[in-house]
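Let me begin by presenting the structure, written as structure tokens, before commenting on it.
Counting starts at 1 for both ligands and their atoms, in listed order. The figures here come from the full heavy-atom set of this structure, side chains too, leaving out hydrogens, waters and symmetry mates. Note that this is a predicted model, so its numbers are computed, not measured.
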Amino acid sequence: MTKRLGPPLYRHPSNPILTPAQMPMECTAVFNAGAVRYNGKVLLLLRVENFAREVSFHTATSDDGLHFTVNPTPIDYPPHPLEQEYSSYRFDMRITPLDGQFYVCHAVWITGLGSMIGMAKTTDFAHFEPLPYMSVPFNRNAVLFPEKIRGLYARLERPTDEGGRIWVSYSPDLRYWGDSRPLNVPTTVWNWRKCGPGAMPIKTKEGWLEIYHATAKTASSENYYLGVLLLDLENPNRIIAASKKFILQPEEVYECVGQTPNVVFTCGAVEMKDGTLNVYYTGADTRMCLAQTTVPELLSYCRENA
Ligand code: BMA
């Protein structure tokens with residue numbers, strides 16, 4: 001970790017850690033990976049775009065969380081009937097270990113209808129069983145909590161296309177969702193436009209720690225930031241603390257130049273054995289980057305800047 005003054009989320013000096021040029025297939029972008037610990041390794045589920053802007057998803061695994069071996073064979077995840085009927089593509093898989101399996105939630109763009117949330121489950125990350133869609137349009141981001149809360153499954157989501165806030169919804173069976181409420185994240189200069197979930201919420205003694213994405217418009221672009229929230233363990237509708245300072249903003253060339261300029265965006269973080277929290281994030285929707293912290297540091301920062 002290269003520490004410096006400012007938020008306790010430190011860019012890895014080897015950034016970017018995975019670029020299109022390093023991939024075993026021809027592609028223009030590799031980004032927005034879900035991340036999880038699997039069989040003792042860190043596993044990323046990468047969104048890969050080819051020169052026709054078609055999307056495929058590939059796993060990459062690593063022992064140290066930094067050097068990844070990419071599987072050139074895409075995952076086997078049969079399309080939903082709607083995806084066969086309309087022109088569509090999937091994006092941004094967020095992974096949650098739950099009930100002894102792994103669930104992925106992702107956005108599906110369906111031309112003429114909009115974006116909604118698809119879901120699948122897997123045990124081996126090669127074959128994915130499609131499950132019913134979790135939402136109607138518009139919804140672009142959803143992530144499941146890793147356990148039931150007061151007897152119900154729970155998710156964070158951003159049920160809007162442009163702009164929008166983080167909502168919490170509940171389900172008895174992962175199929176029917178309701179009791180939805182927006183989180184009242186205090187509005188700041190950097191999170192007023194979009195405010196949506198990022199990595200899977202991390203359970204701590206003090207509450208659920210959530211690294212989220214947020215945007216604000218500047219004179220020249222819409223800039224993406226990462227922020228941090230602490231939610232009540234028993235009632236995640238209740239915010240215990242929300243840092244009014246962001247934890248990451250686009251600054252480096254690899255975050256400012258690419259398919260979408262000025263974007264840092266996360267779909268997953270993994271706690272390593274030594275206590276380091278690896279936050280995998282996108283630089284400008286083009287390549288994968290790594291920033292590191294620890295859960296205690298993030299908790300303190302969240303509370304001290306609330
Ligand atoms: C979000 C999603 C992400 C993307 C981000 C920045 O709304 O579409 O896939 O990384 O915008 O462009």
Side-chain angles (χ1 to χ4, degrees), residues 15-20 27-35 44-50 53-58 87-95 104-111 113-119 134-135 137-143 155-167 185 190-200 210-218 220-227 246-269 279-291:
N15 267 350
I17 60 162
L18 211 47
T19 66
C27 67
T28 56
V30 51
F31 64 118
N32 287 3
L44 300 182
L45 191 47
L46 303 163
R47 167 178 172 184
V48 178
E49 290 184 1
N50 69 15
R53 292 287 308 272
E54 292 158 342
V55 181
S56 57
F57 294 91
H58 296 258
S87 143
S88 66
Y89 66 93
R90 297 166 173 161
F91 55 104
D92 301 357
M93 303 247 170
R94 292 177 170 88
I95 308 166
V104 292
C105 301
H106 58 86
V108 196
W109 173 263
I110 300 201
T111 304
L113 299 179
S115 67
M116 53 194 102
I117 303 295
M119 180 165 60
M134 296 168 89
S135 82
F138 280 91
N139 201 320
R140 286 182 81 88
N141 312 95
V143 64
R155 74 186 192 203
L156 299 177
E157 60 192 321
R158 181 162 67 82
T160 26
D161 189 28
E162 288 299 310
R165 315 310 293 166
I166 302 175
W167 289 62
V185 181
W190 55 271
N191 76 5
W192 61 269
R193 192 160 182 280
K194 290 180 185 168
C195 185
M200 182 188 79
E210 170 63 10
I211 300 171
Y212 71 100
H213 72 264
T215 77
K217 284 217 168 176
T218 68
S220 57
S221 74
E222 176 158 15
N223 289 14
Y224 278 71
Y225 298 80
L226 297 183
F246 58 76
I247 55 171
L248 198 71
Q249 71 168 350
E251 285 172 24
E252 301 291 336
V253 172
Y254 53 79
E255 299 162 345
C256 298
V257 177
Q259 178 172 193
T260 320
N262 305 325
V263 170
V264 293
F265 189 89
T266 186
C267 293
V279 179
Y280 295 95
Y281 73 99
T282 292
D285 284 354
T286 302
R287 69 274 303 172
M288 285 304 306
C289 305
L290 171 63

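Here the side chain of E210 pairs a donor or acceptor atom with the backbone of G198 at under 3.5 angstrom.
The distance from the CD atom of E49 to the OG1 atom of T286 is 8.5 Å, given to the nearest 0.5 Å. Summarising the geometry, atom SG belonging to C195 is positioned 7.5 Å from atom CH2 belonging to W190; distances are rounded to the nearest 0.5 Å. Interatomic distance, CG of D161 versus NZ of K194, reported as 7.5 Å (0.5 Å rounding).
Regarding atom 1 (C) of ligand 1, its nearest protein heavy-atom neighbour is Y224 OH, 3.5 Å. The shortest contact between atom 3 (C) of ligand 1 and any protein heavy atom is with D92 OD2, 3.2 Å. For atom 12 (O) of ligand 1, the closest non-hydrogen atom on the protein side is D285 OD2, 2.7 Å. Regarding atom 8 (O) of ligand 1, its nearest protein heavy-atom neighbour is R140 NH2, 2.8 Å.
The side chain to side chain contact (heavy atoms under 4.5 Å, CB included) with V264 is formed by just one residue from the set L226, T282, N223; it is L226. Checking N32, L46, L290 one by one against Y280, the side chain to side chain contact (heavy atoms under 4.5 Å, CB included) holds for a single residue, L290. For the side chain to side chain donor-acceptor pair (under 3.5 Å) criterion with E222, the lone passing option out of T260, N262, T215 is T215.
Within ligand 1, counting atoms from 1 as listed, the ones closer than 4.0 Å to a heavy atom of R47 are 9 (O). Interface of F91 with ligand 1, defined as ligand atoms under 4.0 Å from a residue heavy atom, comprises 8 (O), 9 (O). Every atom of ligand 1 is numbered from 1 in the order shown, and the set under 4.0 Å from a heavy atom of V263 is 6 (C). The distance from ligand 1 to the heavy atoms of R158 drops below 4.0 Å at these ligand atoms: 7 (O). Applying the 4.0 Å criterion to heavy atoms of N32 picks out, from ligand 1, the atoms 3 (C), 4 (C), 9 (O), 10 (O).
Not a single heavy atom of E162 sits less than 4.0 Å from an atom of ligand 1. Taking a 4.0 Å cut-off on heavy atoms, H213 fails to register as neighbouring ligand 1.
Note: F265 and H213 have tilted aromatic rings, judged against thresholds of 30 and 60 degrees for the angle between ring planes.
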